[in-house]
Amino acid sequence: MVELTEAEEERALRLHREALVVDTHCDTIMQLMPPRERDAPPPRRLGERSDRGHIDLPRLLEGGVDCQTFAIYTGRQENQPWALRTALQMVDVFERECADNEGLVHALSYDEILAASREGRVAALLSIEGAEPLMGDLGLLRVFHKLGVRMLSLTWNWRTPFADGVSASRAESKLTDLGVEALREMERLGIVYDVSHLSDSCFGDVADVKEGPFIASHSNCRAVCDHPRNLTDDMIKALADHGGVMGMNFAPAFVDREKATVERLVDHIDHIVDLVGADHVGLGSDFDGIRSTPEGLEDASKMPNITRELVRRGYPDDDIEKVLGRNFLRVFKEVMR
Ligand SMILES: [Zn+2]
């Protein structure tokens, strides 16, 4: 990290404290689940500061994170019934953590996110990453909405009954009819549509058929770091045309092929701002879903380093607040009616 002047440091810390900071993706629930192997270490608890992993409540508070999305990810299980069972167990673990921790609220709407933030509590959003637990059944989509899921991606890297993921893509594949139906049902229910992990051609199909904004909760720029999980400039423009937002992913392989640092992550933000302006970029750390982290972003407590780097590069206050969370909040307000 390059040193800031005292005035810059003060400005960065003030901005970070005053902004509503939103992170749209982490895999922390996986680390809270009872371990499968008998000799594995006990699961972490969100209320206790751990030296394992990246996110717990003390580290979120230290990092000034106001709204954290927690993903339900069940792995490559396709239509296996245990994907549903695992997802329901993850909802249970998540709800118990919210009940046991005064500082954490399961937020169901934009207003509940703002209310939690006013009370100095972390608003926790529940998402599904990869639609395997739905088993191709829109009834289960409605049930998960009742359970408080407010963000969903139709695939992880593989194929689901709805669409193709980035590792399963046929060059011209599109959403299935059921995938389009799911998209309409998500619009009706007020679930944020997440295109991270979707194949390029399915992304194009979403951009064609989707009304209103969609997000890429944890994807970077392919022009800055060539990886299929990152978005091309054309995809970024299509997302921006819809009023969408993409959350910057800290996975080193998506940040830089040689050496991932907080500075290189902010290069992705620069690229998006140059391409489509400051209204379409946010943060989607992928913490606890990644094995290593960029230098300067070792866990959630290090989030202010992004603000420091934006200040150092001369971003105006308004743009910094947008990147830290206001852009995603705009989409949440529009979608989670
Ligand atoms: Zn992911």
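Values below: all heavy atoms of this structure, side chains included; hydrogens, waters and symmetry mates excluded. Note that ligands are numbered from 1 as they come in the structure, with each ligand's atoms numbered from 1 the same way.
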Exercise for the section: Verify the ring-centre separation between Phe332 and Tyr110: is it less than 6.0 angstrom? Expected result: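 For Tyr110 and Phe332, the ring centres are not under 6.0 Å apart.
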
Exercise for the section: Could you tell me if the ring centre of Phe203 sits under 6.0 Å from that of Phe214? Expected result: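 Yes - the distance between ring centres of Phe203 and Phe214 falls below the 6.0 Å cut-off.
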
Between [Y] and [X], is the closest basic N to carboxylate O distance under 4.0 Å?
{"X": "Lys210", "Y": "Glu187", "answer": "yes"}
{"X": "Asp318", "Y": "Arg326", "answer": "yes"}
{"X": "Asp137", "Y": "Arg142", "answer": "no"}

Practice task
Kindly write out the residues that satisfy side-chain hydrogen bond (donor to acceptor under 3.5 Å, both in side chains) with Glu62, not counting sequence neighbours, or none if the list is empty.
Solution key: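 Expected list: Arg49.
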
Completion exercise
The number of protein N, O or S atoms lying under 2.8 Å from the Zn ion (ligand 1) is 3

